[in-house]
Amino acid sequence: MTLDIQIKTLMFSFVYGLFFAVLLDIIHKPLFKLKIIKQILLSFLFVIVNVLIYFVILNKLNNAILHPYYIIFFSLAFLLENVIKKRIVLIVKKHIK
């Protein structure tokens with residue numbers, strides 16, 4: 001695999017990790033207002049759909065070759081989104097007062 005393809009795939013994994021974290025934040029509150037069976041089914045469906053989308057796009061980029069550092073970048077983006085969200089909330093609360 002060429003370096004160009006690896007860099008594109010790393011960038012995609014990072015951006016998709018951010019995207020997944022934002023979607024998870026959006027769906028979190030409405031999801032937990034449902035009954036437990038619906039929560040489980042919708043959570044499972046949400047994860048399966050997002051994994052399928054990730055692998056379809058990964059298939060287009062590099063024939064769906066999955067390296068551990070792609071997962072690391074995805075996870076790093078997921079964690080970074082939470083840190084960014086907390087800082088934005090603090091800034092907004094500070095300026096509202």
Engineer: Drop me the distance from Ser43's OG to Lys38's NZ, to the nearest 0.5 angstrom.
Structural biologist: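 Reported to 0.5 Å precision, the distance equals 13.5 Å.
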
Engineer: Check the hydrophobic clustering (I, L, V, M, F, W, Y; side-chain heavy atoms under 4.5 Å; chains of links allowed) and say if Tyr69 and Leu79 are grouped together.
Structural biologist: no

Engineer: Between atom CD1 of Ile53 and atom CD1 of Ile48, what is the distance when rounded to the nearest 0.5 Å?
Structural biologist: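 Rounded to the nearest 0.5 Å, the CD1-CD1 separation comes out at 11.5 Å.
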
Engineer: Once rounded to the nearest 0.5 Å, what's the spacing between atom CZ of Arg87 and atom CD1 of Ile91?
Structural biologist: 8.5 Å

Engineer: Check the pair Asp4 / Lys8 against side-chain contact (heavy atoms from CB on, under 4.5 Å), numbers first and verdict last.
Structural biologist: CA-CA 6 Å; Asp4 182 46; Lys8 286 179 184 176; 3.5 Å; yes

Engineer: Test side-chain contact (heavy atoms from CB on, under 4.5 Å) on Leu66 and Ile71; report intermediate values, then the result.
Structural biologist: CA-CA 8 Å; Leu66 186 64; Ile71 298 170; 4.0 Å; yes

Engineer: How long is the gap from CG on Leu31 to CD1 on Ile26, to the nearest 0.5 Å?
Structural biologist: 13.0 Å

Engineer: How long is the span from the CG atom in Asn59 to the CG atom in Leu52, to the nearest 0.5 Å?
Structural biologist: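 Output value for this atom pair is 12.0 Å.
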
Engineer: Enumerate donor-acceptor pairs with a distance under 3.5 Å from any side-chain N or O in residues 11-24 to protein atoms, sequence neighbours excluded.
Structural biologist:
| unit_1 | atom_1 | unit_2 | atom_2 | d |
| --- | --- | --- | --- | --- |
| Ser13 | OG | Thr9 | O | 3.1 |
| Ser13 | OG | Tyr54 | OH | 2.7 |
| Tyr16 | OH | Asn50 | O | 3.0 |
| Tyr16 | OH | Asn50 | OD1 | 3.0 |

Engineer: State the CD-CD1 distance between Glu81 and Ile88, to the nearest 0.5 angstrom.
Structural biologist: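 Answer for the CD-CD1 pair, Glu81 versus Ile88, is 8.5 Å.
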
Engineer: Test of understanding: clusters of I, L, V, M, F, W, Y form through side-chain heavy atoms closer than 4.5 Å, transitively. Do Phe74 and Leu80 belong to the same one?
Structural biologist: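 Yes; Leu80 is reachable from Phe74 via cluster members.
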
Engineer: Looking at Tyr70 and Ile65, what are the two nearest heavy atoms and their distance?
Structural biologist: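 In terms of heavy atoms, the two residues are closest at CE1-O, 3.4 Å.
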
Engineer: Sequence neighbours left out, what pairs pass salt bridge (Lys or Arg N to Asp or Glu O under 4.0 Å) with at least one residue falling in residues 11-32?
Structural biologist: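 Applying salt bridge (Lys or Arg N to Asp or Glu O under 4.0 Å) to every pair that reaches into residues 11-32, excluding sequence neighbours, yields Asp25-Lys85.
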
Engineer: Can Leu61 be reached from Ile72 by stepping across I, L, V, M, F, W or Y side chains whose heavy atoms are under 4.5 Å apart?
Structural biologist: no

